[in-house]
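Read through the structure below, which is laid out as structure tokens, and then see the notes.
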Amino acid sequence: MSKLILIDGSSYLYRAFHALPPLSNAQGEPTGALFGVVNMLRATLKAKPEYLAFVSDAPGPTFRDELYDKYKAQRPPMPDDLRAQVDPMLAIVGALGFPILRVSGVEADDVIGTLAEQAHAQGIEVVISTGDKDLAQLVRPGVSLVNTMTNTTMDSAGVMEKFGVRPDQIIDYLTLVGDTVDNVPGVPKCGPKTAAKWLAEYGSLDGVIANADKVGGKIGESLRDALPQLPLSRQLVTIKLDVPLEQTVTDLTLRDKHVEQLRELFTRYEFKAALKDLEANDAPVGAHPVRDQTPAEHAAIPAPDRAQGALLHQGFDLSAPGSYELVTTQAQLDDWLQRLSNAELIAFDTETTSIDSMMADIVGLSLSVEPGKACYIPLTHDYPGVPAQLARDHVLAALKPIFEDPNKAKLGQHAKYDINILSHYGIALQGLKHDSMLESYVWNATATRHDMDSLARKYLGYETVKYEEVAGKGAKQISFSQVDLDTACRYAAEDADITLRLHYALWPLLQTEPTLRSVYENIEIPLVPVLAGMEQRGVLIDVNILRLQSQQLGKRMLELQQQAWKAAGHDFNLDSPKQLQAVLFDELGLPAKLKTPTGQPSTNEEALEAIADDHPLPRLILDYRGLAKLRSTYTEKLAEIVNPRTGRVHTSYHQGAVATGRVSSSDPNLQNIPVRTEEGRRIRQAFIAPEGWVVMAADYSQIELRIMAHLSGDEGLMRAFREGGDVHRATAAEVFGLKPEEVSTNQRRAAKAINFGLMYGMSAFGLARQLGVDRGEASDYMARYFARYPGVHAFMEATREQAHRDGYVETIFGRRLYLENLKARNQALRAGAERAAVNAPMQGSAADIIKRAMISVAAWLKERDDAHMLMQVHDELVFEVRKDAVEEVRAAVVARMSGAAELRVPLLVEAGVGANWDEAH
DNA sequence: GTGGGCCCGTAC
DNA sequence: GACGTACGGGCCCACG
């Protein structure tokens with residue numbers, strides 16, 4: 001398909017002007033916005049579209065000013081520094097060979113709309129490059145938006161996701177919301193959410209107007225008051241599609257560029273990279289458009305997305321509506337059992353009374369073996385007049401042999417949840433072959449959330465029935481068991497159906513990338529039952545210890561509160577940063593040395609430490625905060641969340657939450673229990689083992705640093721690990737040119753800070769702050785470090801390079817992390833993406849390794865009843881072990897963890913045992 | 001009441 | 001602007 005790229009020049013000029021620092025050339029002419037636009041254009045040229053145009057506003061009034069004299073009346077005039085860049089911009093754009101369109105009497109949007117309409121009618125794909133949300137009204141299949149500032153694209157699904165309305169509703173949406181900048185009156189008090197809600201309810205603006213008297217409350221009055229002006233607003237926000245133009249779409253090809261003019265312009269405005277490109281490649285670009293992308297350009301597209309057009313599986317359109325069967329008779333059940341026994345792959349899903357799998361009871365079950373067809377078997381729906389359902393235990397008994405057959409392949413969406421549910425009914429699911437959530441996660445962890453609604457939208461272009469639509473939300477939410485059977489069937493059977501469709505969309509993708517497929521098949525899928533087992537088991541908690549600690553903390557907090565109030569001269573809420581800020585900086589007049597990201601004077605630990613010598617209050621607050629955190633987040637929360645049935649806490653592990661491949665934990669988060677301070681560590685004393693058992697904790701020593709040694713192949717760093725000993729001390733000895741025994745505490749501390757900082761992409765500035773030395777000294781440390789460990793430096797450079805070349809970086813096992821902001825104009829965003837790129841291979845490889853270890857250890861534990869794996873804390877596994885088995889288990893765990901990867905340095909594992917988690921370290 | 005942004009702090 | 005990845009509590013405001 002041919003492609004037309006339409007560049008919204010006005011939008012880019014404004015955005016580049018505000019986003020970029022106010023650069024200027026040697027003559028003092030402003031160049032910042034120009035620079036941004038030129039770089040964007042060069043990137044556009046690299047995509048080599050057949051047709052392209054640069055569309056800009058022409059000076060003078062437009063038809064909208066005639067319609068409405070206040071239109072854009074509140075807009076400040078264009079800043080002089082920006083105005084000065086308009087003509088040079090047009091000169092460069094023209095010299096690059098872009099067709100430029102400026103049409104009087106209309107805005108750039110209208111020209112873009114008209115061209116998009118024409119191109120679309122001719123079957124030409126249209127990409128509109130803009131930062132302006134109003135253009136979303138032009139989106140439809142074959143017409144999409146791209147924002148090169150943020151590197152995001154928006155198709156129909158993207159519009160739905162962002163605005164909550166279809167592209168064809170955008171005009172009505174903008175009309176309702178209005179635009180204060182352009183002075184377009186909307187409905188006062190109606191924001192994006194309300195507009196989307198009304199449009200969902202009444203379909204269109206006309207629908208909303210017709211039903212205006214049905215809207216209650218203040219906002220209803222507001223709507224009725226605004227009715228007379230809405231038609232005008234609609235006219236103002238509607239982009240024209242029929243502007244008379246001299247050119248047609250096929251005229252809009254790239255002209256030969258004017259090398260001489262460009263050389264002059266680039267030199268004058270000091271665009272060195274552009275100039276270099278120009279000299280390197282003197283031949284006219286684009287005279288013969290090339291349609292094929294180079295491999296590097298192809299790979300640079302961050303998220304492979306095949307959701308465009310119909311996606312077929314064996315002739316079935318994966319975005320078509322499905323047909324679903326409510327199973328309430330034995331004959332129907334028998335029929336489905338027959339289908340299951342013939343099926344190659346069974347998609348299943350459970351419906352329950354709670355999202356907490358430990359608390360949930362099963363309500364029904366859905367199955368699908370063929371896309372578009374699924375059933376729902378209600379089991380325990382319970383409301384007045386509910387029709388007869390098959391008996392729960394009877395159905396589960398009939399399904400048990402299938403669920404427990406390891407040779408019958410099963411598929412789920414977030415199957416860990418359903419495995420946990422089934423386990424409550426004595427079904428130990430075997431043969432989990434696929435999980436659509438994990439397929440999506442491995443394919444591209446950051447392209448989307450991995451819940452079914454998001455996946456269906458992205459990969460199938462299909463809108464699912466939402467849980468809230470069938471069960472309500474908030475206080476009005478009802479249990480799924482009270483949902484009527486037909487509605488439940490529509491929702492639940494769809495879940496199984498869509499799971500299967502997602503698999504047929506995603507699995508072919510994974511098969512094209514053997515390393516991703518391997519991560520999925522050999523790591524993520526086998527990990528599912530392991531995590532399910534850990535959640536089910538839970539970890540035993542001594543609630544009395546926690547209660548006692550809560551009391552003690554509370555008492556000390558009260559004392560500190562009294563002292564703080566005295567120091568402040570009056571009562572205030574110590575938990576409120578806002579009130580604290582007023583007391584410290586306004587009333588007491590202490591210096592506000594740090595600011596929060598939003599510009600407020602910060603009251604964080606660093607800020608308080610900085611003024612702790614000037615007044616007693618900061619220290620009191622610091623102490624109070626430490627205790628408050630421990631009490632609210634840990635001692636009270638943990639005691640609260642202990643399951644009364646088991647006496648244990650059953651966390652949830654999330655396999656699709658972390659971009660680098662780590663698992664996360666929540667409800668409660670067991671991965672941030674304090675350990676660094678004595679005070680905090682006491683909380684770990686409440687993590688205990690049953691009578692006759694002990695807690696065993698096994699952790700990898702310096703795993704990420706070892707991975708850095710492995711990946712970089714740096715001789716010095718590898719030697720440090722091979723020799724054993726203290727790696728930070730060894731580093732300090734290298735950096736400061738000493739023998740290890742001569743290294744001072746401070747030198748070791750500096751070396752440790754560098755070792756860790758490097759893995760996070762820290763700069764000299766950051767290191768200086770961390771160490772409390774000046775920036776020059778920090779730079780000096782880093783220079784010496786890189787001189788001693790040149791392989792590390794080369795590795796980091798190579799990682800950044802790979803990220804820029806491919807758009808992603810990889811772990812040792814081939815897991816990929818795509819980086820979204822590497823090409824961002826915004827320097828901070830880009831730098832952040834580069835740091836993430838450097839960190840991801842190490843963090844991600846460590847995550848892969850411990851996942852492999854967990855699978856291996858779980859397989860070994862499977863046949864035993866004297867030890868259970870309970871927790872994973874990124875580089876640590878925690879077990880409960882029967883006392884008589886401690887040595888055997890310790891040896892096996894250490895061996896399996898150490899053997900989880902073959903690195904160029906040893907993978908050291910340390911294991912400790914104790915009566916509780918604190919003692920096990 | 002609830003949802004969400006902000007600030008802050010815990011872990012690896 | 002400056003150190004990567006998470007989760008979560010309390011405050012506070014907008015919204016219903």
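So that the names make sense, note that chain A is the first sequence line, chain B the second, and so on, each numbered from 1.
Rounded to whole Å, atom C1' of C:dT5 lies 12 Å from atom CE of A:Met759. One atom, CD of A:Gln872, and another, P of C:dT5, lie 18 Å apart when rounded to the nearest Å. The distance from atom OH of A:Tyr624 to atom P of C:dG9 is 16 Å, rounded to the nearest whole Å. One interatomic measurement links the two molecules: CD1 of A:Ile683 to C1' of C:dG9, which rounds to 14 Å at whole-angstrom precision. Straight-line distance from the CG atom of A:Asp667 to the C1' atom of C:dC7: 9 Å, rounded to whole Å. One can place CD1 of A:Ile707 at 19 Å from P of C:dG4, the figure rounded to the nearest angstrom. Nucleotide C:dG10 holds its P atom 17 Å from the CG atom of A:Leu580, rounded to whole Å. Whole-Å rounding puts the A:Leu829 CG to C:dA2 C1' distance at 14 Å.
Among the protein residues, A:Ala768 comes within range of no part of the nucleic acid, since none of its heavy atoms lies under 4.0 Å from any strand. Contact annotation for A:Ala659: backbone-only contact, meaning every heavy-atom pair under 4.0 Å involves sugar-phosphate atoms and none involves a base. Using a 4.0 Å heavy-atom distance criterion, A:Gly757 is classed as making no nucleic acid contact.
Applying the salt bridge (Lys or Arg N to Asp or Glu O under 4.0 Å) test to every pair with at least one member in residues 570-582 of chain A, sequence neighbours left out, gives no pairs at all. Sequence neighbours left out, the pairs with a member in residues 750-777 of chain A that pass ring-ring contact (aromatic ring centres under 6.0 Å, His included) are A:His728-A:Phe756. For residues 659-675 of chain A, the salt bridge (Lys or Arg N to Asp or Glu O under 4.0 Å) pairs, not counting sequence neighbours, are A:Arg662-A:Glu704.
Which of C:dG9, C:dA2, C:dG4 sits closest to the side chain of A:Arg835 comes down to C:dG4. Of the candidates C:dG1, C:dA6, C:dG9, the closest approach to any side-chain atom of A:Ser664 belongs to C:dA6.
For the salt bridge (Lys or Arg N to Asp or Glu O under 4.0 Å) criterion with A:Glu679, the lone passing option out of A:Lys629, A:Arg556, A:Arg684, A:Arg631 is A:Arg556.
Between the side chains of A:Gln685 and A:Asn916, no donor-acceptor pair of N or O atoms lies under 3.5 Å.
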Query raised in the report: Reading nucleotides 6-12 of chain B 5' to 3', which nucleotides get B (base under 4.0 Å from a protein heavy atom), which S (sugar-phosphate only), which -?
Result: SSSBBSB
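Taking 4.5 Å as the limit, every side-chain heavy atom of A:Tyr624 sits out of range of all side-chain heavy atoms of A:Arg619.
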Query raised in the report: Which is it for A:Glu678 and A:Arg681 under the salt bridge (charged side-chain N to carboxylate O under 4.0 Å, His left out) test, yes or no, and what are the steps along the way?
Result: CA-CA 5 Å; A:Glu678 174 57 37; A:Arg681 211 156 42 232; 3.0 Å; yes
Report task. Begin from the C-alpha positions of A:Ser845 and A:Asp848 and carry the test side chain to side chain donor-acceptor pair (under 3.5 Å) through to its verdict. Result -> CA-CA 5 Å; A:Ser845 295; A:Asp848 289 345; 5.2 Å; no
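Remark: aromatic rings of A:Tyr781 and A:Tyr785 are distant, center separation not under 6.0 Å.
For A:Leu594, the side-chain contact (heavy atoms from CB on, under 4.5 Å) partners at least two apart in sequence or on another chain are A:Ser602, A:Asn604, A:Glu606, A:Ala607.
Comparing the P positions of C:dG1 and B:dC6 gives an interatomic distance of 15 Å, to the nearest angstrom.
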Return the polar atom pairs (N/O with N/O) between nucleotides 13-16 of chain C and the protein under 3.5 Å, or none.
unit_1, atom_1, unit_2, atom_2, d
C:dC13, OP1, A:Lys578, NZ, 2.8

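Side-chain nitrogen and oxygen atoms of A:Ser576 include none within less than 4.0 Å of the OP1 or OP2 phosphate oxygen of C:dG10.
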